[in-house]
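We count ligands from 1, going down the list as the structure has it; atoms in each ligand are counted the same way. What's counted below: heavy atoms across the whole structure, side chains too, no hydrogens, waters or symmetry copies.
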Amino acid sequence: MKTTVDPAHYREVMGHYPTGVAVVTAMIDGEPVGMVVGTFSSVSMDPPLVAFMPQTTSRTWARLATADAWCINVLAHDQLALCRAMAIPSDDKFASVDWQPSVLGAPVLTDAVAHVHCRPHANVEAGDHTIALCAVEAMDVARPVTPLLFFQGGYGGFSPAGMAAKADADLIAAVRLGDRARGHVEALARTLACEAAALVAVSPDELTTVVSAYGGTATMVEPMGHRVPLIPPIGEAYVAGGTPETIDHWLSKVAPNDADLVDCYRARLASVNEHGYAMSMVGPGARADYERLGAALAEYASGELTPARERAVRSVLAETRHFFEDVDLSPDEIYDVGAIVVPVHGPDGHVVMVLRATQLPAGVTGRVAAGWVQELRHAAQAVARDLSVGAGAVRAQDYRDWYDSDFPL
Ligand SMILES: Cc1cc2nc3c(=O)[nH]c(=O)nc-3n(C[C@H](O)[C@H](O)[C@H](O)COP(=O)(O)O)c2cc1C
């Protein structure tokens, strides 16, 4: 065990303990002032006391400390934008924030889960932070929805065990949709001597394998239920034909300060739309990187990713993006194709699933690879035709209805 604790280690260990997210507000000289705290906590029931712990150097705390009343607003799962607005140092944090004065005069933030109306009780100096004890005068639950949570530097939500039932229902809808592609996927696996699969989005953040089949010497690597993250550059064949919201959501997972990378992914989406497929290559010597990518995807698929591990997976995906760069196939050159993915359009024109071929025979000419692309595109067109007639059309629409509806955090 360590006896001296360096700040990074302190942060790393404490990051494993999740917190809620609250905004402490007050009126100072007629202006609303607020700061985000993850350190809000109940302290005493009799008398009713709560606390939060501002950093001694915080400019916002220096102002809040002069108030005679505060409102502590517990943020809801859908208030991440509000949290960000309140956490960034600015003199105009309330510019686009809805609020009303509380019984004690402090700003009550609209749509927060709960409000605690309190007055300063005592400040306890505690190293580089102050424990600000607050005497509670009134409190209420304004909107009983799940709160915003903060964990390992990432935001998330709380899901009670019963939520699994909804996830199961979504998965069943996706599996039924995928079932329409079964015959075509099996034929592809046989004809191309590869692993063929149909993947459907069961949430805005991931695709799930709903049908898989094996031909030639392909072995079972990604069986039914396997999850693939919709994190750039993964999922481009699905995202390229999606709504602007789908595209923005996908691109929002790139580090926001990396504008070049965002441009690079936008160009990839345009290229997928133009050609009608996405293809990745495994060049000579690139096996190790390809395996790293596979390991990162497998870790994601395990479904137990904490925010810290998710960041690590994302950076491996970004580092291995060269697999997804555009290739102009020349007929007589020899290629090692990693994967070919084609979108399947539903009756309303949106992409509803993708067909993917992997474990393809290595060392083939561009002519052969182009033939594979054609096979996949024909299969995708056949599935799209099946979806547009009879029960298929209804199922695809059901699926879109679900997908467009509010997705709980
Ligand atoms: C989720 C989250 C939790 C935070 N918790 C605290 C906290 O408990 N105490 C604190 O002093 N700052 C906390 N901060 C940082 C402040 O909200 C704010 O960014 C910082 O005080 C801005 O600096 P300034 O007050 O000097 O303008 C937190 C920020 C976030 C995003």
Side-chain angles (χ1 to χ4, degrees), residues 5 7-29 31-44 49-67 69-97 99 106-116 118 120-134 136 145-158 252-253 255-257 306-308 310-311 409:
V5 180
H9 187 60
Y10 180 96
R11 213 180 287 246
E12 143 86 2
V13 174
M14 293 311 291
H16 283 70
Y17 183 65
T19 72
V21 181
V23 178
V24 183
T25 60
M27 290 303 283
I28 312 287
D29 302 330
E31 296 281 323
V33 174
M35 77 183 277
V36 175
V37 292
T39 50
F40 172 50
S41 180
S42 61
V43 175
S44 157
L49 297 174
V50 295
F52 61 93
M53 296 164 213
Q55 204 164 356
T56 50
T57 54
S58 162
R59 287 186 319 137
T60 312
W61 166 238
R63 299 182 71 197
L64 286 173
T66 65
W70 294 316
C71 178
I72 303 173
N73 301 262
V74 176
L75 295 195
H77 65 85
D78 54 1
Q79 292 187 301
L80 185 52
L82 176 61
C83 166
R84 292 212 161 109
M86 288 290 159
I88 292 166
S90 155
D91 293 332
D92 202 13
K93 288 185 183 178
F94 283 75
S96 53
V97 171
W99 62 276
V108 172
L109 302 179
T110 307
D111 288 340
V113 173
H115 307 111
V116 177
C118 52
H121 178 74
N123 288 344
V124 181
E125 297 311 320
D128 54 12
H129 279 63
T130 302
I131 303 172
L133 284 164
C134 325
V136 179
V145 298
T146 55
L148 184 63
L149 300 183
F150 189 70
F151 176 56
Q152 290 186 352
Y155 296 93
F158 173 81
S252 72
K253 295 171 191 171
N257 52 359
T306 61
E310 185 169 340
R311 277 196 293 278
L409 219 91

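- In this structure, CG in Leu149 is found 11.5 Å from OH in Tyr155, a value given to the nearest 0.5 Å.
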N/O donor-acceptor pairs under 3.5 Å from side chains in residues 86-95, not counting sequence neighbours:
from: Ser90; atom 1: OG; to: Asp92; atom 2: N; distance (Å): 2.8
from: Lys93; atom 1: NZ; to: Gly34; atom 2: O; distance (Å): 2.9
from: Lys93; atom 1: NZ; to: Met86; atom 2: O; distance (Å): 2.9

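- Atom CG of Leu64 and atom OG1 of Thr66 lie 7.5 Å apart (nearest 0.5 Å).
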Could you list each N/O atom of ligand 1 together with any protein N/O atom closer than 3.5 Å, one pair per line with the distance?
from: ligand 1; atom 1: 5 (N); to: Gly38; atom 2: N; distance (Å): 2.8
from: ligand 1; atom 1: 8 (O); to: Gly38; atom 2: N; distance (Å): 3.3
from: ligand 1; atom 1: 8 (O); to: Thr39; atom 2: N; distance (Å): 3.4
from: ligand 1; atom 1: 8 (O); to: Thr39; atom 2: OG1; distance (Å): 2.7
from: ligand 1; atom 1: 9 (N); to: Met53; atom 2: O; distance (Å): 2.9
from: ligand 1; atom 1: 11 (O); to: Gln55; atom 2: N; distance (Å): 2.7
from: ligand 1; atom 1: 14 (N); to: Val36; atom 2: O; distance (Å): 3.3
from: ligand 1; atom 1: 17 (O); to: Val36; atom 2: N; distance (Å): 3.3
from: ligand 1; atom 1: 17 (O); to: Val36; atom 2: O; distance (Å): 2.7
from: ligand 1; atom 1: 19 (O); to: Ala87; atom 2: O; distance (Å): 2.6
from: ligand 1; atom 1: 25 (O); to: Ser58; atom 2: OG; distance (Å): 2.6
from: ligand 1; atom 1: 25 (O); to: Thr60; atom 2: N; distance (Å): 3.1
from: ligand 1; atom 1: 25 (O); to: Thr60; atom 2: OG1; distance (Å): 2.7
from: ligand 1; atom 1: 26 (O); to: Arg59; atom 2: N; distance (Å): 2.9
from: ligand 1; atom 1: 27 (O); to: Thr60; atom 2: OG1; distance (Å): 3.1

Would you give me the side-chain donor-acceptor pairs under 3.5 Å for residues 51-63, sequence neighbours excluded?
from: Thr56; atom 1: OG1; to: Asp128; atom 2: O; distance (Å): 3.1
from: Ser58; atom 1: OG; to: Thr60; atom 2: N; distance (Å): 3.3
from: Ser58; atom 1: OG; to: Trp61; atom 2: N; distance (Å): 3.0

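- Legend: residues meeting ring pair (Phe, Tyr, Trp, His ring centres under 6.0 Å) with Phe40, ordered by chain and number and at least two apart, are absent.
- Dense packing is recorded around CZ of Arg311, with more than 12 heavy atoms of other residues, nucleotides or ligands lying under 6.0 Å away.
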